[in-house]
Amino acid sequence: MEPNKLNLTNLEQQSGSEIQTNEFDYSKRAQWLRAAVLGANDGLVSTASLMMGIGAVKQDIKAMILTGFAGLVAGACSMAIGEFVSVYSQLDIEVAQMKREKLQRRNLEGQEQDSNDDEKLPNPLQAAAASALAFSLGAMVPLLAASFIREYKVRLVVVVAAVTLALGVFGWLGAILGKASPIKSAIRVLVGGWLAMTITFGLTKLIGVSGL
């Protein structure tokens, strides 16, 4: 084979290897990225919606803060338990698949080869902790925004503004890390967050006015 052709072949193989490596990196990133971004968004939107809901019928800052804090704790625990159960189920499936593949290789080759598959397995505790932490960080945004403002109307405006900014940042960050469109992602997250707060505020206000 000519030297030029040999070099071309080596370059093609190296390029293919780099592409596979990049794809593998993104697939590994997807798991923790999903838990972190979704956890932060859930914490932000659900806690802010709870605070806006209670703010629709009560102007007391203490009631709003206590509601937000209860939402933070309950949501973080729920996210952690849900993520733990989900990832543990995934772990059971992958471990069972690994055992079947090892058995097939042993039957075909007559011997069992060492494998590093255990390093690729998902970690339920790590996923649960990351999800709870992300939820808590997101939930802290509306709590901190409302904590030092006594004026009722100003407090509502500040909470909405802080949540809007945080939603845009989370949407943009998730898109950048996942190699998606930042603008579309930010708009999608913003619209969803605004809808959640508006619906919660409106329905709670309606129930409060009707005296149910």
Side-chain angles (χ1 to χ4, degrees), residues 31-88 123-175 177 185-212:
Q31 183 177 339
W32 66 262
L33 176 62
R34 176 185 63 84
V37 173
L38 290 181
N41 277 327
D42 284 347
L44 182 65
V45 174
S46 62
T47 304
S49 297
L50 282 172
M51 294 174 65
M52 293 297 292
I54 200 67
V57 293
K58 287 184 176 293
Q59 299 185 11
D60 183 18
I61 185 175
K62 184 177 180 180
M64 181 178 281
I65 297 301
L66 287 176
T67 300
F69 181 75
L72 185 157
V73 176
C77 292
S78 177
M79 289 290 291
I81 295 171
E83 193 69 18
F84 180 84
V85 172
S86 175
V87 175
Y88 215 111
N123 188 325
L125 288 175
Q126 186 179 33
S131 184
L133 177 61
F135 186 97
S136 300
L137 291 176
M140 287 299 296
V141 173
L143 276 173
L144 291 176
S147 294
F148 306 102
I149 301 177
R150 295 289 175 180
E151 180 63 29
Y152 169 68
K153 292 183 179 179
V154 176
R155 186 166 68 248
L156 292 182
V157 172
V158 170
V159 169
V160 173
V163 170
T164 297
L165 178 60
L167 284 172
V169 171
F170 287 150
W172 174 83
L173 181 61
L177 294 177
S185 178
I187 292 176
R188 187 165 53 243
V189 172
L190 280 172
V191 171
W194 287 337
L195 281 174
M197 289 187 292
T198 302
I199 292 172
T200 305
F201 183 91
L203 290 179
T204 309
K205 186 74 171 179
L206 180 62
I207 294 174
V209 171
S210 64
L212 295 177

Quiz: residues 74-82 side-chain donor-acceptor pairs under 3.5 angstrom, not counting sequence neighbours:
none

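- Within the structure, no pair that satisfies the ring-ring contact (aromatic ring centres under 6.0 Å, His included) test touches residues 50-75, not counting sequence neighbours.
- Closest heavy-atom contact between Leu167 and Gly193: CD1-CA, 3.7 Å.
- A search for side-chain contact (heavy atoms from CB on, under 4.5 Å) contacts involving Leu203 returns Ile199, not counting sequence neighbours.
- A distance-only check finds a donor-acceptor pair linking the side chain of Ser147 to the backbone of Leu143 [under 3.5 Å].
- Under the rule for a side-chain contact (heavy atoms from CB on, under 4.5 Å), the partners of Lys62 that lie at least two apart in sequence or sit in another chain are Asp60, Leu66.
- Minimum heavy-atom separation, Leu125 to Asn123: N-OD1, 3.1 Å.
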Distance-only donor-acceptor pairs under 3.5 Å for side chains of residues 154-165, two or more places apart:
from: Arg155; atom 1: NH1; to: Ile149; atom 2: O; distance (Å): 3.2
from: Arg155; atom 1: NH1; to: Arg150; atom 2: O; distance (Å): 3.0
from: Arg155; atom 1: NH2; to: Gln59; atom 2: O; distance (Å): 2.5
from: Thr164; atom 1: OG1; to: Val160; atom 2: O; distance (Å): 2.7
from: Thr164; atom 1: OG1; to: Trp194; atom 2: NE1; distance (Å): 2.9

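- A side-chain donor-acceptor contact under 3.5 Å links Ser185 to the backbone of Gly171.
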Taking distance alone, no hydrogens or angles, what donor-acceptor pairs closer than 3.5 Å link side-chain atoms of residues 41-57 to residues at least two apart or in another chain?
from: Asn41; atom 1: ND2; to: Val37; atom 2: O; distance (Å): 3.3
from: Ser46; atom 1: OG; to: Asp42; atom 2: O; distance (Å): 2.4
from: Thr47; atom 1: OG1; to: Gly43; atom 2: O; distance (Å): 2.8
from: Ser49; atom 1: OG; to: Val45; atom 2: O; distance (Å): 2.7

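- For Tyr88, the ring-ring contact (aromatic ring centres under 6.0 Å, His included) partners two or more places apart in sequence, or in a different chain, are Phe84.
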